[in-house]
Amino acid sequence: MSASLPNTMPGLPAAPLVPEPWQVAARREETADTFTLTLQPTGEAEPMRFQPGQFNMLYAFGTGESAISISGDPSEGSSGLIHTVRRVGYVTSALARLSPGDMVGVRGPFGSAWPMEDARGRDLIFMAGGIGLAPLRPAIYHALNHRADYGRIIILTGARTPEDALYLAEQETWREQDGVEGHLTVDRAETPWTHNVGVVTTLVPKACFDPANAVAMICGPEIMMRYSAMELRKSGLTDNRIYVTMERNMKCAVAFCGHCQLGPEFICKDGPVYRFDRIRFWFSQREF
Amino acid sequence: MKLPQSALLERASFDTLLDALRRRGFKVVGPVIQDEAIVYDTVTASADLPVGWTDEQDGGHYRLKRRKDEALFGYAVGPHSWKKYLHPANLKLWDATRDAGAALRFEEGDTEKPPKLAFLGVRSCELRAIAIQDKVFMGSAFTDEHYRKRRERIFTIAVNCGTAGGTCFCVSMKTGPKVTGDVAFDLALTELLEESGHYFLITAGSEAGAEILKELPTRPATPEDLATADAVVDRTAQNMGREMPAEGLPKVLLENLEHPRWDDVAERCLSCANCTMACPTCFCTTVEDTTDLTGDHAERWRRWDSCFTLDFTYMHGGSVQQSARSRYRQWMTHKLATWHEQFGSSGCVGCGRCITWCPVGIDLTEEAAAICTVENSNTATNISEPASRDPSP
Ligand SMILES: Cc1cc2nc3c(=O)[nH]c(=O)nc-3n(C[C@H](O)[C@H](O)[C@H](O)COP(=O)(O)OP(=O)(O)OC[C@H]3O[C@@H](n4cnc5c(N)ncnc54)[C@H](O)[C@@H]3O)c2cc1C
Ligand code: SF4
Ligand code: SF4
C-alpha cells in the first residue's frame, strides 16, 4: 500500500466499537426521500474533527447502524456534525423518524479522505450522482474555504429528476463564486428545468479544465463512477488523478468484521476514497 | 536467557506440567473427546486427553480410532480451533439505555478480565493461525481490545506433530509440522514413544516457558534424544495427507476469476459455512442488535459470520455476491491470494479442517490445483501482472 495514497485516520476513536450519544440539533428535508441531520455532542464531548470523505456509523436506537458520510464543513469551528441520509431501508428509515432533541449513537470518523493536499495547485473536478454529492460536499467546502490553493473548480452533478437534485439552492451559490463552473443534469424532467437532461458523463465535455493539471473526485453509483472515469480519461486525465469512493456492507468500520472487503481492500479502512488506479482491477470484477 | 532449553519429561510425570500451570493461576484447556470428535475443552489431568486415540480424516470424513499405543497427542486437529477462546463466537459489544429524558447512554460490554488460559497441545499450524489472527485484530490502525486482552493472558504449550492427518498439508504451506522459533510459543513438546519408554522432549520458547521447565522433574536431553525427536516430525512431514500447489498461487487465482472450475465447485458447494466456522484463521463477524420488551434497553452482540451467507454482502437493492460461485470464489481467493496483500501471508495454514468438515468433501487443495491446470487457466507464465494492480503512478 503506497504511502502517497489517502489513508489518514486522525483522532482514532478510543473505543471504536462503542457509539457516543449525540443529539439531533436540526433536521432539514432535502428531497422526498433525503434529509440532513445536524448533530451536536452531549455532555463534555468535543466537536468531531474529520477530513472530507470520511464517514461515521450512525446508530438508530434499537434498530441498528448505517455507514453515513459526513456532509458538513470540515473546518474547525463550523457548527454541528452534518450527515445527509437517503431513506432506503430499515436503519435509514429509523434515522428518518428523528427530530430535533432526539438522540443517535455515533462512531467515527472512519476511512480515507479526498486528496485535498495532493490536489493543491490543480484544477478540481467534482462529479456526483444522486446522494453522491453528500460525501463530496465537505471537499467542495474545503476547496471554497481555501480558494487560493486550487485552480478552477468544476462541479458536475446528476440526479434522476429535478425533484431528486440535492442541495439545489446551495449549488447555485457555489456556481456564483469566482472560478467555479457548475453543471447540473437529470435523467428525465417532467417539470420545467433550465439545466441539462442526460447522464452526468455528458457534462464532462462542457467543462473547462487543464487535464494535465487536474484532479477529479467522483461519488455515485459504481456504474456512474466507471463511466465518469472513462469520460475523464477521454479528456486526458490519467487514472492516478481520478478518485472514487466505494460502498460495501459494513458492520464494524474498523476492518474486523470482513464485510466490506473488495479483493484485498477493506473499504472501511483503506477506503472509502480510492485513487482509481488502485481499485480499477476490482472495480471491473463481477460479484466482488 | 539462553533459548531454546530442552529436557526430557517422563509420561508418568506429565501431570506435573499441569500442576505447574495451575499453580500460576492458569486454567488448562486442550484436546478432549466429546461427541466422537477431539475438541478443545478443560483439561484437569492428562487422563482427560484422548489417550490412545487417533483420528481418520478425509474430505467430508472424520472418525476416531484406537491406536496401538497410549499416546497423548497421537491425532491431528479436530473441528475446534483456539480462536473460540481468543475471538469468541458470541460477544456483547455494548448495552444502550434510553432514560426518561430521552438521554442515551452506552456501556461497553465484555469488560470482565478474561481467565488466564494455558493452551495445551497447540500444533504448529495453529500457532501460525493465532499469529495470523494477531495481525487481523492487533496489526492495523485499530486494535480489537476484546481479542487483545484474551490473547495477552494465554500460555501456549505447543506439540510437534507425530501423526499427519489425512487432510493436512502444512508442509506445502510451510506452517509445520515442526514448531519453529519464528512463531511465538511458551513450551513445545515432542512425544516420543520409543522402546526405551514413553516420554516428552520439552523445549522452552519463552522466559515464562523456561521458568516452568525448570520446575519439572526432567532429565537432560542428549543430542540423540534431539535427533529422535526430529525424526518424529520428519516422518510426519513425509506423510502429509494433501498438497497445495505452491508456485505463484495468488497470481494464478487472481488471473483466473472467470475460470470454469468456479462454476463446477458452485454446483457442489452447499453454502453451509462449515468451512469458515472450522477454519482457525477465518475472522468475519456480524452484529445483532436487540431491544428488551420495555424498548429502553438495547444490546449489540458480535457473532461469527461467514462469507458464504447471502446477507454477508447485502446492500440496499441486493447482495453483491448473489451466486454460490461468487461466494466460494470470494472465500478461496481471500484465503489463498488477497490475504497476502492484506496481512503478508497466506490466510491458510494447511490444517485441513475445511476439507474434513465440508459435508460434501470439497477439498480446497484440489480446487486450487484445478484452477492451476494449464488447459483451462491463464497460467502465471503466459500472463503478466495486470497493470491496474500496480498502485504507483
Ligand atoms: C462508506 C459509506 C458511506 C455512505 N454514505 C452515505 C451517505 O452519506 N448517505 C446515505 O444516505 N447513505 C450512505 N451510505 C449508504 C448507507 O450506509 C446505506 O444506505 C444504509 O446502510 C442502508 O441501511 P438500511 O438499514 O436503511 O437499509 P436495508 O436495506 O434495510 O439494509 C440492511 C443492512 O444492510 C446494509 N446495507 C444496506 N445498504 C447498504 C449500503 N448501500 N452500503 C452499506 N451497507 C448497506 C446495512 O448493514 C444495513 O443495516 C454509505 C455507505 C458506505 C459504505
Ligand atoms: S483454509 Fe482450510 S486448511 Fe486452510 S487454515 Fe482454513 S481450515 Fe485450515
Ligand atoms: S465448501 Fe463445503 S463446508 Fe464450505 S460452504 Fe461449501 S459445502 Fe459448506
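Every chain is numbered from 1 and lettered A, B, ... according to where its sequence line falls, protein lines coming before strand lines.
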Measuring only between side-chain heavy atoms, which start at C-beta, is B:Leu254 closer than 4.5 Å to A:Trp282?
yes
Does the gap between the ring centers of A:Phe256 and B:Phe137 come in under 6.0 Å?
yes
Measuring from atom NZ of A:Lys251 to atom CG of B:Leu93, what distance do you get when rounded to the nearest 0.5 angstrom?
12.5 Å
Looking at B:His297, B:Arg105, B:Gln321, which one has more heavy-atom pairs under 4.5 Å with chain A than the rest?
B:Gln321
For B:Phe343, is it the side chain, the backbone, both or neither that has a heavy atom under 4.5 Å from a heavy atom of chain A?
side chain
Between B:Val287, B:Thr285, B:Leu257, B:Thr333, which has the largest tally of heavy atom pairs under 4.5 Å with chain A?
B:Thr285
Any side-chain heavy atom of B:Leu104 within less than 4.5 Å of one from A:Thr42?
no
Ranked by heavy-atom pairs below 4.5 Å to chain A, first place among B:His334, B:Arg329, B:Arg327 goes to B:Arg329
When heavy-atom pairs shorter than 4.5 Å are enumerated against chain A, which of B:Thr291, B:Val320, B:Asp311 gives the highest number?
B:Val320
When only heavy atoms count and the cut-off is under 4.5 Å, which of residues 299-307 of chain B reach chain A?
B:Arg300, B:Arg302, B:Asp305
Residues which pass side chain to side chain contact (heavy atoms under 4.5 Å, CB included) with B:Arg268, listed by chain and number, not counting sequence neighbours
B:Arg261, B:Asp264, B:Val265, B:Ile362, B:Glu367
For residues A:Phe288 and B:Gln330, determine if any side-chain heavy atom of one lies less than 4.5 Å from a side-chain heavy atom of the other.
yes
Heavy-atom distance under 4.5 Å to chain A: side chain of B:Ala337, backbone, both or neither?
neither
Is there a donor-acceptor contact under 3.5 Å from the side chain of B:Gln322 to the main chain of A:Glu287?
no
Tell me whether the rings of A:His259 and B:Phe312 are parallel (<30°), tilted (30 to 60°) or perpendicular (>60°).
parallel
